[in-house]
Amino acid sequence: MPLLIVESPKKAKQIASYLGRDWTVKACFGHVRDLPATKADIPEKYRDQAWARLGINVDAGYAPLYVSRARTGVLTDLRAATKAAGGDVYLASDPDREGESIAWHLSVVLGLKDARRVTYQEVTKTAIQKALQNPRPINLALVAAQESRRILDRLAGYGVSPLLWDAIGGPQSAGRVQSAALMLLAQREQSRLSFIPSAYWRVTASVGTTPPFQASVQAIRSLPLATAASFTAQGQLKEGVEVAQLDAQKAEGLRGYLEGRDAEITSIEVSPITRRPPPPFTTSSLQQAAGARLHLGVETVTRAAQSLYEQGLITYIRTDSPALSDEALQLARAAVAERFGEDALPPNPRQYATRNANAQEAHEAIRPAGAFLAPEATGLNGDELALYTLIYTRTVASQMQDALGEKTTITLQAGVVTLGATGTRLTQRGFTALYDDDQKDEDDQALPALTTGQRAPLSKVKAEEKKSSAPARFSEGSFVQLMEKAGIGRPSTYASTLKTLLGRNYVAIRARKLHVTPLGLCVALYLLQQLPQLVDARFTAQMEQDLDAIANGELKRLDYLDRVWRDALKPAIAGAQRTSPRIKVPGREAVFEVRDGQVTLRTADGAALLPAELLPEDLDERSIPALLAGTWKPSVKSTRRTDGETAPSAAPAAKRKSSITPRKKRESTASPRKKASTSGTSRRKA
DNA sequence: CAGTGAGCGAGCTTCCGCTTGACTT
């Protein structure tokens with residue numbers, strides 16, 4: 001009886017039901033071998049080798065040392081099943097670079113002579129049967145690309161992290177993904193810290209038609225009124241911009257000028273609007289939407305989604321593809337027809353393509369699995385129900401008609417002052433009847449029927465001063481989307497990268513937003529000075545291109561690794577400054593100094609060790625003297641918490657050995673010699 | 001003389017990506 005091996009046990013069960021009793025289907029649970037993670041992982045015979053800890057013999061053509069990392073029992077089970085199948089084994093790991101590598105490692109570990117590799121894009125009976133009829137050999141060039149990726153990440157991570165141990169002190173870490181991700185957040189923090197707000201005025205009036213509507217001043221004597229967009233981040237007018245700027249006195253004058261004055265409608269522009277439904281969810285868009293709409297953090301969403309997947313209610317949760325299988329398209333369309341009638345359906349099913357250049361599209365979109373149960377029929381509750389409802393409505397809405405409407409832009413003239421108003425009206429609700437993700441514009445309103453030349457008096461004129469705001473902080477969900485857009489990390493690692501940054505105390509969550517800590521800022525800016533290539537997301541983009549070239553056979557693995565390691569990263573690490581850095585605090589007259597992982601703030605007036613809960617944004621004219629005097633106290637709102645999420649789920653998580661929480665980590669940085677528990681090592685087999 | 005504490009030295013920390021349970025409190 002032939003044996004089929006897939007990565008996920010859930011998938012194995014599903015496929016077994018398609019193939020019946022003629023097949024054995026087993027799961028390997030992801031990668032089965034890897035470079036040694038700890039000293040205990042190194043086999044006896046390699047213990048004395050200088051490179052054993054790294055796991056790569058660079059001088060021998062970057063030869064990797066692979067050790068078993070499968071969960072207890074998995075390999076013995078697979079070996080027994082291989083024997084029972086008489087070596088008739090099909091390797092059906094995911095159809096991407098990592099999946100090809102897993103297939104190759106399995107072929108080695110199981111001693112398969114000529115391994116049969118099969119792939120499919122969707123888990124349906126016909127797709128599986130078709131795949132089994134077309135086995136192929138393992139693509140060794142693709143395996144070489146994966147191995148190059150693995151080796152580069154180990155060399156970079158284990159090469160640069162010790163720099164931080166010397167310069168920063170404590171159990172710090174750096175890597176191709178985490179350091180580039182940290183830099184993205186640090187840049188945003190820097191631009192916020194150095195942002196200088198600009199003041200501008202917004203003047204609105206009620207136009208006395210029946211019913212009345214709101215208009216706002218656009219220009220005075222044809223000179224546009226300044227808005228937030230007129231200014232640079234340094235608080236200066238942008239070059240070449242000519243605008244009218246008000247102050248309190250002028251604004252009051254304008255208010256008096258307009259109050260009671262007749263305005264004439266000088267133009268009415270109507271333009272049609274069409275809104276397409278958003279595509280079905282990928283890992284990142286699900287995180288974004290669940291964060292924005294349900295206020296759930298990345299870890300909560302991952303946990304709830306994994307549970308839904310295990311209950312057979314949704315498809316695989318780590319995917320970069322928004323595509324739906326034919327089966328899913330039909331089920332979604334049937335759900336639309338049942339709820340809203342045939343008219344709500346577009347003539348043809350909508351298929352969505354990824355816009356992400358790095359996407360590997362080994363899986364479908366995240367969507368309801370099986371029978372597309374309506375949310376109320378699932379028997380779920382709490383976060384799981386909310387998340388399932390979100391996934392269900394987004395999937396079904398993706399197969400509904402566009403929303404149609406019109407946007408009306410009104411221009412009015414009152415003496416020398418030009419005013420404007422806009423309104424949108426939907427003529428066909430389309431998908432918004434089920435799933436509406438429109439951001440409401442503050443100016444948008446329902447407008448009465450109007451004609452050009454019509455006159456009406458202005459009343460209730462209001463003038464209010466506004467301030468331009470710094471670029472917004474990222475939420476957990478938007479950070480995941482940022483990583484995807486920057487091309488760093490994969491759907492299976494977005495959550496764990498964030499967890500690493502939180503665990504290292506480089507990043508903190510306050511009021512559901514991500515903040516870079518003083519330590520994180522020091523690490524990012526130190527790396528930027530010493531190894532700018534590592535913190536640049538383009539490093540990964542270039543790597544992806546080179547890995548593709550290796551997979552195509554155009555580039556040799558050895559040539560690639562020599563180029564990025566021997567000729568670039570290695571000499572850069574050797575030349576880097578290993579002494580404690582002084583980091584200028586952006587936008588403040590102060591520097592950070594770091595010793596033993598502890599940040600000290602130094603100004604012309606003195607120095608103070610920063611309390612753990614202090615964030616860069618807390619540093620201002622009032623807090624800095626208080627810090628130096630030792631009288632600084634965290635305000636109530638600045639109490640650092642991991643999340644605004646439900647306590648019951650957060651509390652047990654903090655106690656689990658494998659989880660790193662900011663709080664726990666801070667305790668261990670206080671005694672840096674104590675061994676901190678790290679995730680992932682405990683389950684490795686020695 | 002026993003207990004304490006300062007000072008010294010050795011050993012350790014670390015990556016990314018693929019997958020889920022098995023731990024303890």
Side-chain angles (χ1 to χ4, degrees), chain A residues 5-12 27-40 53-56 64 69-74 93-94 96-103 105-106 146-166 168-181 302-303 306-307 309-310 316-318 360 362-363 483 488-497 500 503-504 523 534 540 543 547 569 573 596-597 651-659 665 668-669 671-683:
Chain A
I5 304 176
V6 298
E7 294 182 40
S8 146
K10 187 78 200 166
K11 213 188 221 180
C28 68
F29 297 82
H31 277 294
V32 294
R33 295 200 306 172
D34 192 13
L35 304 175
T38 66
K39 208 171 187 176
R53 203 61 215 282
L54 185 62
I56 300 161
R69 54 153 299 169
R71 200 176 308 163
T72 326
V74 167
S93 41
D94 294 345
D96 55 20
R97 199 162 61 211
E98 298 293 329
E100 201 70 14
S101 167
I102 290 172
H105 281 291
L106 281 171
Q146 189 279 343
E147 191 171 80
S148 306
R149 197 278 305 155
R150 181 68 189 93
I151 290 171
L152 169 61
D153 281 336
R154 171 56 67 90
L155 289 171
Y158 278 34
V160 178
S161 295
L163 270 184
L164 295 180
W165 304 342
D166 286 352
I168 307 286
Q172 313 300 341
S173 64
R176 172 179 60 85
V177 170
Q178 63 168 288
S179 298
T302 303
R303 207 167 29 234
Q306 178 70 24
S307 169
Y309 169 66
E310 284 166 14
Y316 195 60
I317 66 164
R318 290 175 276 267
Q360 308 218 353
H363 304 275
M483 282 193 282
I488 49 178
R490 303 280 315 139
S492 64
T493 62
Y494 296 141
S496 60
T497 300
T500 298
R504 297 256 171 256
V523 168
L534 186 78
T540 292
M543 180 195 79
L547 295 186
L569 214 44
I573 291 169
D596 290 334
K655 287 178 185 164
R656 253 185 282 152
K657 194 188 171 192
S658 63
S659 82
K665 197 65 197 179
S668 66
T669 46
S671 54
R673 283 165 200 215
K674 233 183 217 169
K675 194 179 173 188
S677 72
T678 50
S679 91
T681 53
S682 54
R683 66 188 150 84

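Everything quoted here is computed from the prediction, not taken from an experiment. Per chain, numbering begins at 1; letters A, B, ... match sequence-line order.
- For Arg318(A) against dT19(B), a side-chain-to-base donor-acceptor contact under 3.5 Å is absent.
- Within the nucleic acid shown, Gly30(A) comes within 4.0 Å of at least one base atom, counting heavy atoms only.
- Stacking annotation: Trp165(A) is stacked on the base of dT13(B) (ring centroids less than 5.5 angstrom apart, interplanar angle below 30 degrees).
- In this structure Asp153(A) satisfies the side chain to side chain contact (heavy atoms under 4.5 Å, CB included) test together with Arg149(A), Arg150(A), Arg176(A), sequence neighbours excluded.
- Closest to the side chain of Tyr158(A), out of dC18(B), dT14(B), dT19(B), is dT14(B).
- For Arg176(A) against dC15(B), no side-chain N or O and base N or O form a donor-acceptor pair under 3.5 Å.
- Comparing dC15(B), dG17(B), dT20(B) by their closest approach to the side chain of Phe29(A) singles out dT20(B).
- Residue Pro171(A) has its side chain nearest to dT14(B) when only dC12(B), dC18(B), dT14(B) are considered.
- Taking the charged nitrogens against the carboxylate oxygens, Arg154(A) and Asp34(A) have no contact shorter than 4.0 Å, which rules out a salt bridge.
- No N or O donor and acceptor, one from the side chain of Arg490(A) and one from the base of dC18(B), sit under 3.5 Å apart.
- Between the OH atom of Tyr309(A) and the P atom of dT19(B) there is a distance of 8 Å, given to the nearest Å.
- Atom C1' of nucleotide dC16(B) and atom CG of Asp153(A) are separated by 5 Å, given to the nearest angstrom.
- Taking 4.0 angstrom as the limit, Gln306(A) places a side-chain polar atom (N or O) nearer than this to OP1 or OP2 of dT20(B).
- Taking every side-chain heavy atom of Glu7(A) into account, dT19(B) is the closest of dC15(B), dG17(B), dT19(B).
- Listed by chain and residue number, Tyr309(A) satisfy the side chain to side chain donor-acceptor pair (under 3.5 Å) test with Ser8(A) (two or more places apart in sequence, or in another chain).
- Out of dG21(B), dC15(B), dC16(B), the shortest distance to the side chain of Arg154(A) is found at dC15(B).
- Contacts of Lys10(A) with the nucleic acid, taken as non-hydrogen atoms under 4.0 Å apart, are absent.
- Nearest to the side chain of Val177(A), among dG17(B), dC15(B), dT14(B), sits dG17(B).
- Taking for each of Ile102(A) and Gln178(A) the nucleotide of DNA chain B with the nearest heavy atom, the 5'-most of the two is the partner of Gln178(A).
- In this structure, the CD atom of Gln146(A) is 18 Å from the P atom of dC15(B), given to the nearest Å.
- Rounded to whole angstrom, the span from the CD atom of Glu98(A) across to the P atom of dC16(B) amounts to 13 Å.
- For Tyr316(A), the listed nucleotide lying nearest its side chain is dT19(B); candidates were dC15(B), dT19(B), dT13(B).
- Taking only side-chain atoms of Arg53(A), from C-beta outward, the nucleotide of dT13(B), dT19(B), dC18(B) with the closest atom is dT13(B).
- By the 30° and 60° cut-offs, the orientation of the rings of Tyr316(A) relative to His363(A) is tilted.
- Rounded to whole Å, the distance from CD on Glu147(A) to P on dC18(B) is 16 Å.
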Which nucleotides of DNA chain B pair, in dot-bracket form (Watson-Crick or G-U under 3.5 Å, | meaning another strand): .........................
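- Protein atom CD1 of Ile5(A) is 14 Å distant from nucleotide atom C1' of dT19(B), rounded to whole Å.
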